[in-house]
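Take a look at the structure below.
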Protein chains: 2
Amino acid sequence: MSEDCGISLEELQLAARNHGMPLEALREAITPIGLHYLLIHYDIPQVDVQTWRLEVDGRVRTELSLDLDAIRALPSHEVIATMECAGNGRARLAPRPVSQPWLLEAVGTGRWRGARLRDLLDQAGVDPETAEVLFTGLDRGIENDEEQFFQRSLTLADAALPEVLLAYELNGVPLPPQHGFPLRLLVPGWYGMTNVKWLTRITLLAEPFTGYQQARGYRLRQNEEDDGEPLSRIYPRALMVPPGIPDFMTRERTVPAGKVTIEGRAWSGHAPVAAVEVSTDDGATWQTAELEPPELGPWAWRSWSYDWNATEPGPHVLACRARDEAGNAQSSEQQWNVGGYANNEVQRVVVTVA
Amino acid sequence: MSEDCGISLEELQLAARNHGMPLEALREAITPIGLHYLLIHYDIPQVDVQTWRLEVDGRVRTELSLDLDAIRALPSHEVIATMECAGNGRARLAPRPVSQPWLLEAVGTGRWRGARLRDLLDQAGVDPETAEVLFTGLDRGIENDEEQFFQRSLTLADAALPEVLLAYELNGVPLPPQHGFPLRLLVPGWYGMTNVKWLTRITLLAEPFTGYQQARGYRLRQNEEDDGEPLSRIYPRALMVPPGIPDFMTRERTVPAGKVTIEGRAWSGHAPVAAVEVSTDDGATWQTAELEPPELGPWAWRSWSYDWNATEPGPHVLACRARDEAGNAQSSEQQWNVGGYANNEVQRVVVTVA
């Protein structure tokens, strides 16, 4: 863990802005504001809610221009959703794709409240020829040498799912600026880039959107020439609360000998979590962890725990892995690709029994 | 900005946990929760407020054991304070001291509410022989090969200052876990390490405290043998909101030609800010910025602005610097020391006029 991994100043600049969830916060069912991960492509825009409007245009019967009160007037729904950055695990890849250097912490679970997107689409009246729904945020910058607002699309079928919200509250308070004030898209089960923040425009398109974040970014590409497959739903992952106490600098852990309850959370955006397994011998053998019921609903992580009888002094490598009911699993090997996405290699935590 | 600066995996682990304030948040007078910087030595402890108590012991007439309601029953005071990590600017030093690799973002301004520490000390009755007041937090870990709770002390004179609070609210809500729930020390004007989080014990000592964080950490040392001077109050700094829009990866900025209002905040824990100056030619010449009145009180940053007539296309290096009424100033050169503390070298922002 002490070798120089050659993180560049550019990557450090991103790491200083965007932040992960310290893994001890896995103890909290709902991630407190300020501990949820954040990835902001450009700058946090300054929004005056008095003049802000959500525009709905493109292939609609009636173009709309709505203030926040109009959106709050729609029927309100709450969804507890685990959100993860598609780049989580990127900094553990070798060779390391250069971008935001996430280790494992780019996750969080929020209690989101908002209106259903499909209620808004019904109000506008969708042209039957519509292929996709395009979402435009107010955050603006340069990426791949193109000046752009952050934009992503969904197929009309995905956009119409009942769990898809136009969210204006997080954990019972108005969205904080860094989470998209005053309004963001929430697509439970999908990687973070889908959940467009500072939403300003929804455009119904007859053809698929081909902007940078859809056609080039956020795709699983094996080389620069590869078009790749688009990222969508979150692959399974289990993470543990690192047991014991840390060394400040190395983050290496120490626990007293005896029973150690290893606990954590597991999630998948594809299907319910089927099982979590724990290894206390660096993956040589695996034991089934106790998986709690899905108390937070279908879109949130689930609690798990495993009692480890830590009798042998010295260092031990703990690991955990999840699989889901659709057959997706975690591997002990890295999932390398050009963008460094969806690397759900199992977590390893070195713990010294003292 | 693209050279490999060799940040190690250990430093990256710290950067992924501890987070800075994205500099566009300088626009906000009070930093929203989640954007204020965070430096947590060990883990965020899990605290059950029902069983939590603040113990007051040592050289007191009456030992106290108080629940949160008892502290809330003391007269309540609000202080708006700018807090900065003593290690802010560390990653810009060469050679770079290895620890949390802050660039410039380790700052934030909170609206803190709590009881005056001196009211609590009066209640306990302080022995006249007391030299120092020791503060112990619940966060526990290993540092310098010693297992420890995070501990720092103040002289009795500093502890009795009227602005020193036992804070239980930030920005109008109970302290979030990451800011020290349920109670932390707040010492306005001092670097962050002074403001002990997850406070569990206050001990009055006849002799100065010689624990690691006081006698070895957080001192300005020129070499390993040097005992160094202890860090205390924050040296002046001005930071600007980076103008224009960023490139996602490099964070380099672009602005359209014309009038550009450069705005930011400036602070010092030693004395009121006397002046802020701006350079648009990489420090060759400096102009006086307009400094707003101290609207947030004596312990918070002050707003400043400067109108730049950006007529010449191409890259420009902007810089800003503050000085205070006690004669402390910022330098264009790094302030190197073993721990990488108090480096208030001026901020430089490269902006391309397009």
Side-chain angles (χ1 to χ4, degrees), chain A residues 1-20 22-25 27-28 32-36 38 40-46 91 98-99 101-106 140-145 147 173 176-179 242 245-252 254, chain B residues 1-20 22-25 27-28 32-36 38 40-46 91 98-99 101-106 140-145 147 173 176-179 242 245-252 254:
Chain A
M1 297 291 268
S2 63
E3 79 271 27
D4 186 334
C5 63
I7 298 284
S8 65
L9 183 55
E10 290 186 348
E11 291 168 286
L12 179 60
Q13 288 182 126
L14 289 168
R17 287 181 56 76
N18 298 307
H19 68 81
L23 293 186
E24 65 269 28
R27 290 199 190 97
E28 311 258 7
I33 289 173
L35 292 177
H36 195 290
L38 276 181
I40 294 162
H41 275 245
Y42 312 123
D43 286 351
I44 301 169
Q46 198 172 26
V98 173
S99 184
W102 293 125
L103 292 161
L104 282 171
E105 305 85 349
R140 191 163 60 99
I142 296 170
E143 201 161 351
N144 200 39
D145 294 327
E147 185 174 326
V173 298
Q178 66 272 25
H179 286 288
I245 60 169
D247 180 272
F248 166 66
M249 187 60 219
T250 65
R251 309 310 298 173
E252 284 169 1
T254 304
Chain B
M1 295 294 269
S2 63
E3 78 273 27
D4 186 334
C5 64
I7 297 285
S8 66
L9 184 55
E10 291 187 347
E11 291 168 287
L12 180 60
Q13 289 182 121
L14 289 169
R17 288 180 56 76
N18 298 308
H19 67 82
L23 293 187
E24 64 269 29
R27 289 199 191 98
E28 310 258 8
I33 289 173
L35 291 178
H36 195 289
L38 278 181
I40 294 161
H41 274 246
Y42 313 123
D43 286 351
I44 300 169
Q46 199 172 26
V98 173
S99 184
W102 293 125
L103 291 161
L104 281 171
E105 305 84 350
R140 190 162 61 98
I142 296 170
E143 201 163 349
N144 199 39
D145 294 326
E147 185 174 326
V173 298
Q178 67 272 24
H179 286 289
I245 60 169
D247 179 272
F248 167 65
M249 187 60 219
T250 64
R251 309 310 297 170
E252 284 169 1
T254 304

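Heavy atoms of B:Pro32 lying under 4.5 Å from chain A belong exclusively to its side chain. Proximity to chain A is limited to the side chain of B:Ala91, based on heavy atoms less than 4.5 angstrom apart. Neither the backbone nor the side chain of B:Val173 comes within contact range of chain A, judged by heavy atoms closer than 4.5 Å. Contacts of B:Pro246 with chain A are made by both backbone and side-chain atoms, with heavy-atom separations under 4.5 Å. With a 4.5 Å cut-off on non-hydrogen atoms, A:Glu11 touches chain B through its backbone and its side chain both. Heavy atoms of B:Leu14 lying under 4.5 Å from chain A belong exclusively to its side chain. Heavy-atom distances place both the backbone and the side chain of B:Ile44 under 4.5 Å from chain A.
If you take OG1 on B:Thr250 and CD on A:Glu143, they are separated by 10.5 Å, rounding to the nearest 0.5 Å.
For the pair B:Gln13 (side chain) and A:Met249 (backbone), a donor-acceptor distance under 3.5 Å is absent. B:Glu24 places no side-chain N or O within donor-acceptor distance of the main-chain N or O of A:Pro45, the cut-off being under 3.5 Å.
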>> I'd like to know whether B:Leu9 forms a side-chain contact (heavy atoms from CB on, under 4.5 Å) with A:Leu103, so could you lay out the CA-CA distance, the side-chain angles of the two residues, the decisive distance to 0.1 Å, and finally the verdict.
In response: CA-CA 9 Å; B:Leu9 184 55; A:Leu103 292 161; 3.6 Å; yes
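Of all heavy-atom pairs spanning A:Gln178 and B:Ile33, the tightest one is NE2-O, 3.0 Å. Considering all non-hydrogen atoms of both residues, B:Arg17 and A:Leu23 come closest at NH1-N, 4.4 Å. Annotation for A:Leu12 and B:Ala15: closest pair CD1-CB, 4.4 Å, computed over non-hydrogen atoms.
Taking B:Glu105, B:Arg251, B:His41 one by one and counting their heavy-atom pairs under 4.5 Å with chain A, the maximum is reached by B:Arg251.
B:Pro177 places a side-chain heavy atom less than 4.5 Å from the side chain of A:Glu28.
In this structure, B:Tyr42 and A:Phe248 have perpendicular ring planes: the angle between them is above 60°, well past the 30° mark.
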